[in-house]
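One structure is given below, encoded as structure tokens.
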Number of protein chains: 2
Amino acid sequence: MLLTLDFDSEVPIYQQIRNQIVVGIAGGRLSPGERLPATRALAEDLGVNTMTVSKAYQLLRQEGYVAADRRAGVMVRPRDAQVPVVPEETVRGLRLRLCELRLAGLSREEILRLCEKMCDEEVD
Amino acid sequence: MLLTLDFDSEVPIYQQIRNQIVVGIAGGRLSPGERLPATRALAEDLGVNTMTVSKAYQLLRQEGYVAADRRAGVMVRPRDAQVPVVPEETVRGLRLRLCELRLAGLSREEILRLCEKMCDEEVD
DNA sequence: CTTTTTGTATTATTTATTATAATACAGATA
DNA sequence: TATCTGTATTATAATAAATAATACAAAAAG
């Protein structure tokens with residue numbers, strides 16, 4: 001998994017890391033059970049502080065996307081362990097983006113086609 | 001238009017104001033050409049600083065969602081003045097939310113149904 | 001047993017962002 | 001003239017984000 005950071009972005013680094021890992025898992029580029037890079041290794045790789053990566057990992061753990069094991073590091077949550085709750089922020093965020101697309105002039109059908117396309121990107 | 005602020009949220013207040021106005025425009029609760037509340041009035045109404053509202057308005061203006069006129073205040077962008085460019089952040093944000101729904105266990109069809117429902121909320 | 005690696009906690013510091021407060025100004029309106 | 005409009009200004013406070021250096025417990029490898 002290749003992570004690309006945008007240091008000019010308003011989005012905090014730890015959030016960028018968290019977001020890209022979420023997209024990576026959903027897209028199948030990170031498989032259930034697969035190990036994520038060690039905190040220090042990823043930090044050095046990205047050129048950021050150890051605690052910044054740690055904060056991203058803790059966030060992912062809290063949200064149930066990964067499981068942190070002291071012995072084996074951080075790994076992608078196995079397929080059987082489901083997270084049934086849909087965060088309210090996810091729903092609100094989705095609505096916001098759909099509204100933005102609407103106001104950018106896209107039709108209902110164009111928007112839904114885009115959503116379909118994105119859903120199909122997620123091959124696992 | 002009723003704005004509801006969450007002061008405990010991680011999302012900045014000016015961003016919350018901006019987001020809710022965007023959703024309000026797309027949902028037809030704010031019509032093209034309609035005037036938004038005066039900066040000071042909305043600030044007092046929400047119990048926040050004048051500049052916080054001003055920052056939200058400036059953001060909306062930069063993004064092309066509203067037009068600020070010194071004489072008449074801030075109004076929703078008329079229907080004819082289109083904004084053809086889809087912000088990269090919008091696309092990235094949409095993908096992220098779809099991925100989160102996927103990882104929350106929703107099927108492709110459930111997600112698309114949700115998107116359809118949200119698109120139909122936007123009645124204008 | 002020693003060394004290494006794991007995530008993470010700690011403490012301090014720096015920087016950037018966010019929000020507020022009190023004024024003020026230009027332009028338009030009544 | 002007085003009163004709106006958005007916004008610029010300056011200062012200040014509070015919070016968040018990121019870094020730095022160190023440390024600790026737990027597990028694995030040598």
Side-chain angles (χ1 to χ4, degrees), chain A residues 1 3-21 25 30 33-78 81 89, chain B residues 1 3-21 25 30 33-78 81 89:
Chain A
M1 257 279 294
L3 294 185
T4 329
L5 296 185
D6 178 9
F7 292 97
D8 293 333
S9 170
E10 313 146 351
V11 184
I13 298 177
Y14 75 90
Q15 194 82 40
Q16 291 186 43
I17 297 174
R18 177 265 181 197
N19 290 350
Q20 291 187 39
I21 289 178
I25 297 175
L30 289 171
E34 182 176 339
R35 249 209 81 190
L36 293 184
T39 317
R40 291 170 182 78
L42 183 55
E44 193 175 10
D45 208 48
L46 296 174
V48 298
N49 193 272
T50 316
M51 294 316 291
T52 304
V53 174
S54 183
K55 192 169 178 183
Y57 279 3
Q58 286 180 57
L59 192 55
L60 288 164
R61 195 163 62 88
Q62 282 178 2
E63 297 174 305
Y65 293 120
V66 303
D69 195 322
R70 183 93 62 175
R71 61 199 164 187
V74 175
M75 60 172 56
V76 179
R77 168 176 55 89
E89 185 57 32
Chain B
M1 256 279 294
L3 294 185
T4 328
L5 296 185
D6 179 9
F7 291 97
D8 293 332
S9 170
E10 314 147 349
V11 184
I13 298 176
Y14 75 90
Q15 194 82 41
Q16 291 186 43
I17 297 174
R18 177 265 181 198
N19 290 350
Q20 291 187 40
I21 289 177
I25 297 175
L30 288 171
E34 183 177 338
R35 248 208 84 188
L36 293 184
T39 318
R40 291 172 181 81
L42 182 55
E44 193 176 8
D45 208 50
L46 295 174
V48 299
N49 193 271
T50 317
M51 296 313 294
T52 304
V53 174
S54 182
K55 192 170 178 183
Y57 279 2
Q58 285 179 60
L59 192 56
L60 288 164
R61 195 162 62 88
Q62 282 177 4
E63 297 174 304
Y65 292 120
V66 303
D69 195 322
R70 182 93 59 173
R71 62 198 164 187
V74 175
M75 62 172 55
V76 179
R77 168 175 55 90
E89 185 57 32

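We use all heavy atoms of the structure for the numbers below, so side chains are in, but hydrogens, waters and symmetry mates are not. Numbered from 1 within each chain, the chains take letters A, B, ... in sequence-line order. Owing to the predicted nature of the structure, the values given are computational and were not obtained by experimental measurement.
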Output the rounded distance in Å from CZ (A:R40) to P (C:dG7). 7 Å
B:L3 side chain near B:Q20 side chain, heavy-atom distance below 4.5 Å: yes
Under a 3.5 Å distance rule, please check whether A:R35 uses its side chain to pair with a backbone N or O of A:M75 as donor and acceptor. no
Heavy atoms, side chains only, cut-off 4.5 Å: are B:L60 and B:I21 in contact? yes
I'd like a table of atom pairs between the protein and nucleotides 17-19 of chain C - only N or O on both sides, under 3.5 Å - with the distance next to each one.
residue : atom : partner : partner atom : Å
C:dT18  : OP1  : B:Y14   : OH           : 3.1
C:dT18  : OP2  : B:Y14   : OH           : 3.2
C:dA19  : OP1  : B:I13   : N            : 2.5

State the CD1-CG distance between A:I25 and A:L30, to the nearest 0.5 angstrom. 6.0 Å
Checking the side chain of B:R77 only, and the main-chain atoms of B:A67 only, is there a donor and an acceptor separated by less than 3.5 Å? no
Could you tell me whether the side chain of B:R35 has a donor or acceptor atom within less than 3.5 Å of a complementary atom in the base of D:dT5? no
Does the side chain of A:R18 come within less than 4.5 Å of A:L59's, by heavy atoms? yes
To the nearest Å, give me how far apart CG (B:D8) and P (D:dA16) are. 11 Å
Atom pair distance, as rounded to whole Å: CD in A:E44 and C1' in C:dT5: 14 Å
So if I define the base as every atom that isn't primed, P, OP1 or OP2, how would nucleotides 9-16 of chain C read as a B/S/- string at a heavy-atom cutoff under 4.0 Å? BB------
Applied to residues 36-61 of chain B, the side-chain hydrogen bond (donor to acceptor under 3.5 Å, both in side chains) test, sequence neighbours excluded, yields B:S54-B:Q58
Atom-to-atom span, CD1 of A:I17 to P of D:dA18 - whole angstrom: 9 Å
Can I get a per-line list of side-chain donor-acceptor pairs under 3.5 Å for residues 6-17 of chain A, giving both atom names and the distance, sequence neighbours left out?
residue : atom : partner : partner atom : Å
A:D6    : OD1  : A:D8    : N            : 3.0
A:S9    : OG   : A:V11   : N            : 2.9
A:Q16   : OE1  : A:D6    : N            : 2.9
A:Q16   : NE2  : A:D6    : O            : 2.9
A:Q16   : NE2  : A:V11   : O            : 2.9

Just to verify, what does B:E89 make a side-chain hydrogen bond (donor to acceptor under 3.5 Å, both in side chains) with, not counting sequence neighbours? B:R92
Rounding to the nearest 10°, end axes of the helix from C:dC1-D:dG30 to C:dA30-D:dT1 built from five pairs each make an angle of 20°
Please state how far atom CZ in B:F7 lies from atom P in C:dT20, giving the value in whole angstrom units. 7 Å
Whole angstrom is fine here: how far is it from CD in A:Q16 over to C1' in D:dA16? 15 Å
Just the rounded figure in Å: distance from P of D:dA16 to CD of B:E10. 9 Å
Find the distance A:L60:CG to C:dT8:P and express it as a whole number of Å. 10 Å
